[in-house]
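Within every chain, numbering begins at 1; the chains are lettered A, B, ... in the order of the sequence lines, protein sequences first and strands thereafter.
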Number of protein chains: 2
Amino acid sequence: MRIVVAGGDGFCGWPTALYLSKQGHEVTIVDNLSRRKIDDELRSNSVTPIASLEDRVAKWKEVTGKEIRTFIGDLNHYDFLSEVFRQTEPEAFVHFAEQRSAPYSMMDREHAVYTQSNNVIGNLNVLYAIKEFAPECHLIKLGTMGEYGTPNIDIEEGYIEIEHKGRKDLLPYPKQPGSFYHLSKVHDSHNIMFACKIWGVRATDLNQGIVYGLHTEETQLDPLLVNRVDYDEVYGTALNRFANQAAIGHDITVYGSGGQTRAFLNIEDTVRCVEIAAENPADRGEFRVFNQFTEWFSVKDLAERVQQVAKEEGLDAQVKQIENPRIENEDHYYHAVNTKLKDLGLEPRLLTDEVIRDILKTSIQYQDRIIKENVLPSITWK
Amino acid sequence: MRIVVAGGDGFCGWPTALYLSKQGHEVTIVDNLSRRKIDDELRSNSVTPIASLEDRVAKWKEVTGKEIRTFIGDLNHYDFLSEVFRQTEPEAFVHFAEQRSAPYSMMDREHAVYTQSNNVIGNLNVLYAIKEFAPECHLIKLGTMGEYGTPNIDIEEGYIEIEHKGRKDLLPYPKQPGSFYHLSKVHDSHNIMFACKIWGVRATDLNQGIVYGLHTEETQLDPLLVNRVDYDEVYGTALNRFANQAAIGHDITVYGSGGQTRAFLNIEDTVRCVEIAAENPADRGEFRVFNQFTEWFSVKDLAERVQQVAKEEGLDAQVKQIENPRIENEDHYYHAVNTKLKDLGLEPRLLTDEVIRDILKTSIQYQDRIIKENVLPSITWK
């Protein structure tokens, strides 16, 4: 299958591109390299030293014989995007190419505006490009479980049947996102649903949980293929960030009580979920929503699991509650459905101590690269 | 009260600014005059010849002795918007300043991108400006009943209590907007709800129905104060457009079967609703949604009412079904709640033949100004 992976230089996109290439798909990466530029802006970095995209794909070809084409450019530039569609004629367009950090979107007005404009308009361009150049192309769009927020009822996969005053309808699940970033994904979902309805676009919205882990079988084939790992307050997410804190002897910092419950999955399941979506395309006009996660944890429980594994590795890390920079419920109901991907063949890899140990070991290996000032939160929602 | 009316040069904004000024409020109009520029772009016009904003407010002062300040500029320019906030210190910010035509947003990609970017980012800037310069200021934001679409259950005012799998929550009402314009309003609503939650912004989202009529007591004080009336396929809306068609001897054109049911209100109720919202501000942190309409009609029923009144005026207009350029249900359930504004004192003026006659007469008076090629739809949703 001809597959474009937009955002294919990023944390989820890169291993996905490699995995799909390995399966024999004709993969093209589109990326504006913005994640690398934001590292410069934030004076941050990946724990692992990552090669340039050019070197990465050259190494991939050397190791596997498989070619990955690359286009460096921005989805917000429609002429560029049009050229990508004309040259690649994609059958599936996997769209990871959005600013994906909630704290980044909350830094100030300009970062909020950038996030919403970049994500919403970029995605709108993709919809128009599919309509114009590849109407059969299946859009596989990365959403987030954070679109739902933490309602006091079970979270369904995109839609909910509502009975109200004696009548019934199946309606889009109400969204309560918790940052300008999460809001941008909600806006995207609404735009995509509409494009499916009016133009017959095929779309799958993957409402992904928080991704942990870093290696996949493919990224481990050569050091030049290594995936990036974020540990800082802006792009580092729970679990990966905790492991990095433990590795450098820092407290494992939990925001507030740590009672916040979130959905998680392993990066190796991310790549598999995208493959499943691609192999089972949505129908023409169908807007399909899959909740892409395998388990949920409270942040505090996760912190304690990391602490335990760190202890076994001889690292004495304490779990410490710090003031929550976000406005969010720390004590809430959480129950989310995630059967659709499993019905299509996903076999979840649940979180094991081995996975935590693996992240820890990578962090220890590269601990000299970690910039300690970047670990603690300074961006607040207030 | 110090009130900013953003979009105060437009069809709803102008009569609202006059009405609030008459009530003794200190009114400032902010407008980028985009609606006038779009007339140039579309080679369209208002049926009524409208004066420049400068002449309008000068005449208003001459007639009433009341001053309305004006700022010409764009909400998307934050430096400009900051200056408006610094100079006016608003207690209420009435936000009409968005691209408000569904067909305009559906013309092509660039118009869709313009509409979403202009509306969503402009509104995001307003939220930041309130946070930065006037945290007590009450945002009165014009939304649309079109945000809800046509669900098969009753439409509530912004929120709905959902019982699901034995649990309950009061959640944002699911939205199914029908154009990139309507989507922009949904995006706005989500952004505002979040700003209320994290910054304690006071906000009222007025989900307005389709506005008909043109004159208010204030706009009739002098010909220079007349309101604009749109009749073209892009900005003309049902009822006003029908009356204009009848006035020039054109068929009254209904899209498809005309079974589409929509909520409506008189422009004189629009101005009153905004006053009610301003006089009863939302609490700090409250995101309040009012459904701002007084009755609903099927498009076909409306067309027939206009036909009847036209006949009484000696005009022989036929109701004609033409191919629907939109993708929408033409036969659907419709029942929407609108009690909140009435509970606060709105006394609805229901649609009378007199109102239709009034629009008809204005159209006849200015029929030479009507550009006939602009009446029929050419923009499709497909």
Is it the backbone or the side chain of [X] that comes under 4.5 Å from a heavy atom of chain A, or both, or neither?
| X | value |
| --- | --- |
| B:E110 | neither |
| B:W199 | side chain |
| B:I198 | both |
| B:I162 | both |
| B:K175 | both |
| B:I160 | side chain |
| B:K197 | both |

*asked:* Using the rule given for side chain to side chain contact (heavy atoms under 4.5 Å, CB included), can you reason through B:F85 versus B:I130, listing the C-alpha separation, both sets of side-chain angles and the distance that settles it, and then say yes or no?
replied: CA-CA 8 Å; B:F85 268 81; B:I130 288 174; 3.8 Å; yes

_side chain to side chain contact (heavy atoms under 4.5 Å, CB included) for B:I155 and B:T150? Distances and angles first, verdict last._
CA-CA 8 Å; B:I155 294 170; B:T150 54; over 6 Å; no

*Is the backbone of A:Y181 close enough, under 3.5 Å, to the side chain of A:Q116 for a donor and an acceptor to pair up by distance?*
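Looks like no, no N/O pair under 3.5 Å.
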
_Backbone N/O of B:H187 and side chain of A:H190: donor-acceptor pair under 3.5 Å_ =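 Here the side-chain-to-backbone pair does not exist.
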
Between [X] and [Y], which heavy-atom pair has the shortest distance, and what is it?
| X | Y | result |
| --- | --- | --- |
| A:P103 | A:E233 | CG-O, 3.6 Å |
| B:D205 | B:L142 | OD1-C, 4.3 Å |
| A:K168 | A:E163 | CE-OE1, 3.5 Å |

Most heavy-atom pairs under 4.5 angstrom with chain B, which of [options]?
| options | value |
| --- | --- |
| A:L127, A:I153, A:D154 | A:I153 |
| A:G200, A:A195, A:G178 | A:G178 |
| A:E156, A:M193, A:H182 | A:E156 |

_Heavy-atom pairs under 4.5 Å with chain A: which of B:I327, B:N191, B:V113, B:L171 has the most?_
B:N191

*Please determine, among B:S179, B:G149, B:P177, the option with the most heavy-atom pairs under 4.5 Å with chain A.*
B:S179

*Parallel, tilted or perpendicular: which describes the rings of A:F293 and A:W296, with under 30° parallel and over 60° perpendicular?*
tilted

_Between A:R109 and B:Y78, is the side chain to side chain contact (heavy atoms under 4.5 Å, CB included) condition met? List the steps._
CA-CA 9 Å; A:R109 188 191 64 84; B:Y78 194 69; 3.2 Å; yes

*Side chain, backbone, both or neither: which part of A:E132 has a non-hydrogen atom closer than 4.5 Å to chain B?*
neither

*Let me know if A:V186 has heavy atoms under 4.5 Å from chain B in its side chain, its backbone, both or neither.*
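The answer is the side chain of A:V186.
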
